[in-house]
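The structure under discussion appears below in the form of structure tokens.
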There are 2 protein chains.
Amino acid sequence: MPPTEDLELALRGAALRVTRPRLAVLDVLRGHAHATTDEVLNDVRDRLPEVSHQAVYDVLRALTAAGLVRRIEPQGSVARYEVRVGDNHHHLVCRSCGTIADVDCAVGSAPCLTPAEDHGFVVDEAEVIYWGLCRACSAAPPVLPTLVTTPERGTR
Amino acid sequence: MPPTEDLELALRGAALRVTRPRLAVLDVLRGHAHATTDEVLNDVRDRLPEVSHQAVYDVLRALTAAGLVRRIEPQGSVARYEVRVGDNHHHLVCRSCGTIADVDCAVGSAPCLTPAEDHGFVVDEAEVIYWGLCRACSAAPPVLPTLVTTPERGTR
DNA sequence: CCGTTTACTTGACTCGTTCAAGAATGCACG
DNA sequence: CGTGCATTCTTGAACGAGTCAAGTAAACGG
């Protein structure tokens, strides 16, 4: 059982109760960036076999609301979560296999960009998703060697 | 009934068959940016009362695959569609009411940004979503006057 | 006009996520 | 170091956007 004292501190710092499901979820996410709810559930059950899926949903929502985890939801993917927060980094997403990689923000702190025209909006964050093909998929294209630009699903 | 000859040309230009559901969907989207599938369905039924929801799903998929419409899917929202394509513009989304506004790309043509580190990805597009509060919501905050930065739900 | 291909209708179904009610647990306070 | 209350977790049902599948209708090239 790895030390989870820092996780406990993180929870207390966010005024959240310290529970085993919450510690487990944080610990899982620490070792598995961009995990889906389902993946989190499975990994958590390796440690706490009895947790309900609802508990994981609740925990992820609480942690997200508290700012301890970030929820990302790229086109066509289910929700994914990561513990890397507060640095406003961005994501590279592979159109073919769905792999996600982190990219440091090119500009600085949030909002790292400001829109050309803000239409009266008060902007607090710029979310950037870079779409393309990961190294493996661009080396061995699945079906069409050309036409990378086509919004093809890789979702099947 | 407005002239739809240009829409017909657009379909033919994309090597798509010209059908009434397709013309209607394009026409609806032309007048209603960022409409959800359901909104498109309703608006289309004002003209063609008998279209099935499946037809609208199929049409939207075909048009998206052909590049005639763009699909956007901000956090917590269902899929939305727009006919403005080819200029790689971005979106402002209100965290509170969900309103979406278009913003011209600050930089240039796609991919308007390049990631600091590409992790071997071949990037073809940078999708940017500016999160904040629209003019109305920032003037009359729903619940919390402060703490705009908090990842608060406005999703309901 | 005819036949083939592609699109649409109908209706059932999947899957991620949420709702609701009750049992269990964390934790502030005495 | 109990005890009580609020919060969280369990259980199980429900919801809704989107998809699948089989059959009918409509484009459009010949």
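First the proteins, then the strands, lettered A, B, ... as listed; each starts at 1.
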**Asked** Between B/Glu82 and B/Arg30, is there a side-chain N and carboxylate O pair less than 4.0 Å apart?
**Response** no
**Prompt:** Nearest-Å distance, CG (A/Leu23) to P (C/dG26)?
**Reply:** 10 Å
**Message:** Looking at every heavy atom in both A/Arg17 and A/Arg22, which two are closest together, and how far apart are they?
**Reply:** O-NH1, 3.0 Å
**Message:** Give the residues of residues 12-19 of chain A touching DNA chain D, defined as any heavy atom closer than 4.0 Å, sorted by residue number.
**Reply:** A/Arg17, A/Thr19
**Prompt:** Regarding A/Arg80 and A/Ser77, is there a side-chain donor-to-acceptor distance under 3.5 Å anywhere?
**Reply:** yes
**Request:** Please identify each residue that fulfils ring pair (Phe, Tyr, Trp, His ring centres under 6.0 Å) with B/His53, with sequence neighbours left out.
**Result:** B/Tyr57
**Fill in**
note: B/Glu50, atom CD; C/dA7, atom P; distance rounded to Å ~ 21 Å
**Prompt:** Charged N to carboxylate O under 4.0 angstrom, A/Arg70 versus A/Asp87?
**Reply:** no
**Message:** Taking only side-chain N and O atoms of B/Thr37, does any of them lie within less than 4.0 angstrom of OP1 or OP2 on D/dA17?
**Reply:** no
**Request:** Starting from P on D/dT8, measure out to CG on A/Leu63 and report it in whole angstrom.
**Result:** 10 Å
**Message:** Using whole Å, what does the distance between atom C1' of nucleotide D/dT10 and atom CZ of A/Arg45 come to?
**Reply:** 11 Å
**Request:** Check the distance between C/dA24's C1' and A/Leu48's CG and give it to me in whole angstrom.
**Result:** 15 Å
**Request:** Check the distance between C/dC8's C1' and B/Leu60's CG and give it to me in whole angstrom.
**Result:** 14 Å
**Asked** What is the distance, rounded to the nearest whole Å, between atom OH of A/Tyr81 and atom P of C/dG16?
**Response** 13 Å
**Message:** Side chain of A/Ala79, heavy atoms from C-beta onward: which of C/dT17, C/dC8, C/dG11 has the nearest atom to it?
**Reply:** C/dT17
**Asked** Does A/Tyr57 make a side-chain N or O approach to OP1 or OP2 of C/dT17 shorter than 4.0 Å?
**Response** yes
**Message:** Pick the closest DNA chain D nucleotide for A/Ser52 and for B/Glu73 by heavy atoms, then say which residue is nearer the 5' end.
**Reply:** A/Ser52
**Prompt:** Taking the side chain of A/Gln54 as heavy atoms from C-beta outward, which of C/dC19, C/dA12, C/dT9 is closest to it?
**Reply:** C/dC19
**Prompt:** Can A/Arg95 and B/Glu125 be said to form a salt bridge (charged side-chain N to carboxylate O under 4.0 Å, His left out), step by step?
**Reply:** CA-CA 11 Å; A/Arg95 289 189 194 277; B/Glu125 182 188 348; 3.0 Å; yes
**Request:** Please report the closest heavy-atom contact between B/Cys94 and B/Leu133, naming both atoms and the distance.
**Result:** SG-CA, 3.9 Å
**Message:** Judged by each residue's nearest nucleotide on DNA chain D, which is more toward the 5′ side, B/Arg20 or B/Asp38?
**Reply:** B/Asp38
